Number of protein chains: 2
Amino acid sequence: MKTTFGEYIRLLRNENELTLTQLAAKLNLDSANLSKIENGKRDFDEKRLPKLAKIFKLNLTELRNEYVTDQIGKHIYETNCTKQLLQVAEEKAEYRRTLNKSLQTQ
Amino acid sequence: MKTTFGEYIRLLRNENELTLTQLAAKLNLDSANLSKIENGKRDFDEKRLPKLAKIFKLNLTELRNEYVTDQIGKHIYETNCTKQLLQVAEEKAEYRRTLNKSLQTQ
DNA sequence: TTAGATTTGTCAAAAAATGACAAGTCTTAT
DNA sequence: ATAAGACTTGTCATTTTTTGACAAATCTAA
């Protein structure tokens, strides 16, 4: 089952038997804010991904994938984007890639 | 072929033979900023969608779909999200929907 | 060249995200 | 029951990001 990024952090934290305060300290943030992150009331700041990976000995690329898919999933959810529209969005992303390619050739 | 939202606005503007200055005035913004929007250097502010729909007699829901798919497409592009990861993101969106549903039953 | 159209650079203002603190609730051990 | 620690929530100042406006530049066609 897929989880939100916040739930994922909580899972990691519990597996490693850390309190909010302990993990927050390692991440250089307030336990209150970490609580909000775990509960989906705030976003985890992307700049802390390397630190998070290090703390739990995770592969940074994979962790970033977790993060990105969470963010885009949230975007899809918040905009009520249907599967059909998501297909269109994917095509538009592809279009941007071709735009970028043709820029580079010049 | 899919286009960016900025290119779409430019298309509409040209079809209707308006200058940047003319359309910008109808949208209550500066022609310089509209230029940046059309050229993908700024985002169109979502709050102007109703006005844009009215100016060009477009269905607001469809226009919003154009907008949303552009935004998500941009997000996909900027994060280098592959098709495989996008599938994961979609599953996470679905998960958020179930979360929301179970909240509502309580 | 000149006029109008468009683009670019810059900066202040507005809006959104973040961090921190205080005070609250919940849980568990005694 | 209550004390301690864990967690949650509300609020606000700070920081960051986005937006709007103006001035100056470039481009284009007569």
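Quantities reported herein were computed from a predicted structural model and do not represent experimental measurements. Convention: sequence-line order gives letters A, B, ...; per-chain numbering from 1.
Atom CG of Leu23(A) is separated from atom C1' of dA6(D) by 14 Å (rounded to the nearest Å). Ile37(B) has its CD1 atom 11 Å from the P atom of dA21(D), to the nearest Å. Spacing between atom CZ of Arg42(A) and atom C1' of dC12(D) amounts to 11 Å, rounded to whole angstrom units. Remark: C1' of dA16(C) and CD of Glu46(B) are 14 Å apart, rounded to the nearest angstrom. Counting to the nearest Å, the C1' atom of dT9(D) and the CG atom of Asn39(A) are 10 Å from each other. Distance Leu29(A) CG to dA17(C) P: 17 Å, rounded to the nearest Å. Spacing between atom CG of Leu27(A) and atom P of dA20(C) amounts to 12 Å, rounded to whole angstrom units. The separation between Lys47(B) atom NZ and dT18(D) atom P is 14 Å, rounded to whole Å.
For Lys36(A) against dG10(D), a side-chain-to-base donor-acceptor contact under 3.5 Å is present.
Among the nucleotides dT10(C), dT6(C), dC7(D), the one closest to any side-chain atom of Leu20(B) is dT6(C). Picking from dT19(D), dC21(C), dT9(D) the nucleotide with the shortest atom distance to the side chain of Asp30(A) gives dC21(C). Relative to the side chain of Lys41(A), the nucleotides dT9(D), dT18(C), dT8(C) differ in distance, and dT9(D) lies closest. When the nucleotides dG19(C), dA22(C), dT7(C) are ranked by their closest atom to the side chain of Asn33(A), dG19(C) comes out on top. Checking dT9(D), dT8(C), dT6(C) against every side-chain atom of Ser35(A), the shortest atom distance belongs to dT9(D).
The side chain of Arg48(A) contributes an N or O atom lying less than 4.0 Å from OP1 or OP2 of dG19(C). Put simply, Arg10(A) has a side-chain N or O that comes within less than 4.0 Å of OP1 or OP2 on dT8(D).
Side-chain N or O atoms of Gln22(B) include one that pairs as donor or acceptor with a backbone N or O of Thr19(B) at under 3.5 Å. The main-chain N or O of Arg96(B) is never found under 3.5 Å from a side-chain atom of Asn100(B) such that the two would form a donor-acceptor pair.
Classified by interplanar angle (parallel below 30°, tilted 30° to 60°, perpendicular above 60°), the ring pair Phe44(A)/Tyr67(A) is perpendicular.
Within a 6.0 Å radius of CD in Glu17(A), no more than 12 heavy atoms belonging to other residues, nucleotides or ligands are found.
Along DNA chain D, the nucleotide nearest to Phe44(B) and the one nearest to Ala32(B) differ in position, and the one closer to the 5' end is contacted by Phe44(B).
Two residues are said to be in side-chain contact when any heavy atoms from C-beta on lie closer than 4.5 Å; Ile9(A) and Leu23(A) meet this criterion.
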